[in-house]
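One structure is given below, encoded as structure tokens.
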Amino acid sequence: MYMALFASKAGIMTRGNARELAVHLIYGREFTGDTPDQVITTRLAQEYYENLALENEVYTERPTNRQIRYLDQVVSGVAENLDMLNETIGKYAIGWDVKRISRLTRAIMQLAIYEILFVEDVPDGVAVSEAVRLAKKYDSDAGSFVNGILGSFVRSKNEPAQVETARDFEPTEETETTEESEVSDSEPVAEEE
């Protein structure tokens, strides 16, 4: 029965479902301690995958080769950057200890932050909205929490660097000399008031 489903076009996994599968793999590693390769190989094995389809509809679709590469990239990337990702969550989860955030919600945010920082073909807004969608799917109260943390992270990431203003700049004798020597006789010089 499932063999036919995997072979049909209707059974090809969407990117959103691949993202959800990635969250499951990241979450699963928390319990098993498996390497990214081990968790992907185990979970994507035909028989195991078919059994999971009985529990969750995301497993009724089979990932394409491109999605398997995506899964490998993000699951490995999250594992390699886990400390940095958790520090980022902690920085924006004001008043929350990262360890007190549910493992699944943490896995959702780890994936989203990883995508924002390292997956070029995923726009920031898509990573955030998909994370919120997944958080709401598994815990209706977690959606606004995830949105707040990821929204703050994206805003801070996208803030332009502070530019030195003229009044903050204290000219030195060297810069005053350079500036004076660059003024030609043909250019009017503004007088100070």
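Side chains are part of it too, since the values below use all heavy atoms of this structure and drop only hydrogens, waters and symmetry mates.
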Note, Met109 side chain near Phe145 side chain (heavy atom, < 4.5 Å): yes

What's the spacing between Ile89 CD1 and Gln110 CD if we round to 0.5 Å? 5.0 Å

Heavy-atom side-chain contact between Asp139 and Leu104 under 4.5 Å: no

Using the rule side-chain contact (heavy atoms from CB on, under 4.5 Å), only one of Ile26, Leu85, Asn86 pairs with Arg106; which is it? Asn86

CG of Leu134 to CG of Leu111: how many Å apart, nearest 0.5 Å? 8.0 Å

Kindly compute the distance separating CG (Asn147) from NZ (Lys136), expressed to the nearest 0.5 Å. 7.5 Å

Within a strict 4.5 Å, meaning less than it, do heavy atoms of the Arg43 and Leu71 side chains meet? no

Gap between atom OG of Ser102 and atom CG of Asp141 - 0.5 Å precision: 11.0 Å

Give every residue pair that meets the salt bridge (Lys or Arg N to Asp or Glu O under 4.0 Å) criterion with at least one member in residues 119-128, sequence neighbours excluded. Arg15-Asp121, Arg66-Asp121, Asp124-Lys157

Do the side chains of Thr32 and Gln38 get nearer than 4.5 Å, heavy atoms only? no

State, yes or no, whether a side-chain contact exists between Met13 and Thr64 at a heavy-atom distance under 4.5 Å. no

Answer yes or no: does atom CG of Asn65 have more than 12 heavy-atom neighbours from other residues, nucleotides or ligands under 6.0 Å? no

Is the shortest side-chain heavy-atom distance between Asn51 and Tyr59 below 4.5 Å? no

Do Tyr114 and Val122 have side chains that get closer than 4.5 Å, going by heavy atoms? no

Picking from Gln67, Gln46, Glu50, what satisfies side-chain contact (heavy atoms from CB on, under 4.5 Å) with Arg62? Gln46

Do Tyr92 and Ser156 come within less than 4.5 Å of each other through their side chains, counting heavy atoms only? yes

What is the ring orientation for Tyr27 with Phe31, classed by angle as parallel under 30°, tilted 30 to 60°, or perpendicular over 60°? perpendicular

